[in-house]
K.L.:
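Structure incoming, see below.
Computed from a predicted structure; not experimentally measured. We use all heavy atoms of the structure for the numbers below, so side chains are in, but hydrogens, waters and symmetry mates are not.
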Protein chains: 2
Amino acid sequence: MSTTERATRDGDAGARIAERIREQILRGHYPPGTRIRQVDVAEQFGASRVPAREALRILEHDGLVRLVANTGAWVSTLTLAECDEIYRMREALEPLLLSYSAPALEAADIERLGALATEMAATDDVDRFLELDREFHLGSYAGAQTSQLGELVVKLWNTTQPYRRAYTRSIGGDARRIVHDEHHLIVSSLADGDIEDAGRVLAGHIRRTRRQLSRHPELFESITAR
Amino acid sequence: MSTTERATRDGDAGARIAERIREQILRGHYPPGTRIRQVDVAEQFGASRVPAREALRILEHDGLVRLVANTGAWVSTLTLAECDEIYRMREALEPLLLSYSAPALEAADIERLGALATEMAATDDVDRFLELDREFHLGSYAGAQTSQLGELVVKLWNTTQPYRRAYTRSIGGDARRIVHDEHHLIVSSLADGDIEDAGRVLAGHIRRTRRQLSRHPELFESITAR
DNA sequence: CGTGGTGTAATTGCATCCAATCAACGTTCT
DNA sequence: AGAACGTTGATTGGATGCAATTACACCACG
């Protein structure tokens, strides 16, 4: 069929399927609360239900899907409190991750981060902004050689992605300018080699976003209904 | 059989099996590097290999087991760098978790923490110490109503457990006394309602342990050989 | 008219069976 | 004799089929 795929049979179909579903969730094709059936997943990827279940379990541990025994799987929904918690975790962890990454960043890398910040400030398309924002921050962590921290931060970004999209749509141009200023500040500190200061600005950046987000409880009530 | 068990068929055998294996790993029955075969797991729990595989995948995401496609599963091994990374994460996260928990702790809870700290200082048995230490710290987080942070901290404790055991055996009485002093300091700050100070002491506690640990690379080399 | 109970359909969970892959051993060629 | 190669055994990965559980709709009853 046109939408079905053929597994290349390299021994880990579950992980590959999970990867594809993850992309679809992050792109907003499956909004929070959507039910995901094993049969549909299996059929879509031309596999049996066994790897489909494994994929769902992987996504559950990624925090993108909620599994209930004997019942089914749904795309995760977040309450405001849960989202707030994740942002507090990010505020604590991302400066640490940046301290792992910064020493390994070359001048060219930092230049590219600056270009991303500039391009981000110029665009008006929400989806494009989200893409660039993710590329900017995760790009600033590209030098980190960590075994767990890097993956964890990506996971935290992923679980909050749908709400970041809704939030970005709702904020005005003024709050956005502050965001862009902070991005450029981070780039400057990195260029100066002042890792500690870059971490401080980054923590403030995340903290401010969290406080802004807490003023928009309607983003969560609307979705959490299920 | 005598050692085999009967699943109560409540719809999530994989999770239950994973729980049992997790306990066994944490108790040191399966040291890092030990191979775990699906057939053995299935047989031990009177189940088929399907839930056994699910259990292993759960443990993989817990960081307790390393899975290689088409090859097998081994109890995770940590390098010194990885262990150091985890301690840095704990240093950033556990004060945050404590700030979630502390307001909900009753006077009786804090009293019990003090009793644990005292008992811990009195014992000479390593396994008993580890048990009490875990009960003390995780007990101080019992008031936290978090969705991810609590579980993550437990996961970080679990993955480093075998090395904490080896490390505890190696340190002398002097370093131990500092540990116990810090425990009592945390209890005092909590009793005073000074959450911020409790967090500071806790961060220092974890930080000191990390620095001590980095002076014992032999704990990792001996195991990592596989 | 609303509420509780029951039966059926749909979906998940687990066991069994077969295929694919990897590791180890013995063999053969240089 | 040493190293590369092919073969065999063991182990994991995936597909199918059946049992158990749950959800939903319909009906009876208060």
K.L.:
May I have all residue pairs that pass ring-ring contact (aromatic ring centres under 6.0 Å, His included) and include part of residues 82-106 of chain A, sequence neighbours excluded?
P.N.:
none
K.L.:
Please give, in whole Å, the distance from D:dC24 C1' to A:Arg37 CZ?
P.N.:
13 Å
K.L.:
Tell me whether the rings of B:Trp157 and B:His137 are parallel (<30°), tilted (30 to 60°) or perpendicular (>60°).
P.N.:
tilted
K.L.:
Given atom CG of B:Asp12 and atom C1' of D:dT22, what is their separation to the nearest angstrom?
P.N.:
15 Å
K.L.:
Please identify each residue that fulfils ring pair (Phe, Tyr, Trp, His ring centres under 6.0 Å) with A:His29, with sequence neighbours left out.
P.N.:
none
K.L.:
Rounded to the Å, how far apart are B:Phe45 CZ and C:dA15 P?
P.N.:
13 Å
K.L.:
Tell me the interatomic distance from B:Asp40, atom CG, to D:dT11, atom C1', rounded to whole angstroms.
P.N.:
11 Å
K.L.:
For the side chain of A:Thr71, starting at C-beta, report the closest nucleotide among C:dT21, D:dA15, D:dT22.
P.N.:
D:dT22
K.L.:
Could you pull out all residues at least two apart from B:His61 that satisfy ring pair (Phe, Tyr, Trp, His ring centres under 6.0 Å)?
P.N.:
A:His61
K.L.:
Taking ring pair (Phe, Tyr, Trp, His ring centres under 6.0 Å) as the test, write out the residues that go with A:Phe136, two or more places apart.
P.N.:
A:His183
K.L.:
Measure the distance from CD on A:Glu43 to P on C:dT12 and round it to the nearest whole Å.
P.N.:
13 Å
K.L.:
Could you check how far CD of A:Gln38 sits from P of D:dG14, rounded to whole Å?
P.N.:
15 Å
K.L.:
Tell me which residues in residues 49-61 of chain A put a heavy atom below 4.0 Å from DNA chain C, sorted by number, or none.
P.N.:
A:Arg49, A:Arg53
K.L.:
For DNA chain D, whose closest nucleotide is more 5', that of A:Gly14 or that of A:Arg35?
P.N.:
A:Gly14
K.L.:
Tell me the interatomic distance from B:Arg16, atom CZ, to C:dG13, atom P, rounded to whole angstroms.
P.N.:
12 Å
K.L.:
Which nucleotide in the set C:dT16, D:dG13, D:dG14 lies at the smallest distance from any side-chain heavy atom of B:Ser48?
P.N.:
C:dT16
K.L.:
For A:Ile195, check side-chain contact (heavy atoms from CB on, under 4.5 Å) against everything at least two apart and list the hits.
P.N.:
A:Ser99, A:Ala102, A:Pro103
K.L.:
In whole Å, I'd like the distance from the CG atom of B:Asn70 to the P atom of C:dT21.
P.N.:
7 Å
K.L.:
Carefully, step by step, assess B:Gln24 and B:Arg27 under the rule side-chain hydrogen bond (donor to acceptor under 3.5 Å, both in side chains).
P.N.:
CA-CA 5 Å; B:Gln24 306 213 355; B:Arg27 291 187 180 178; over 6 Å; no
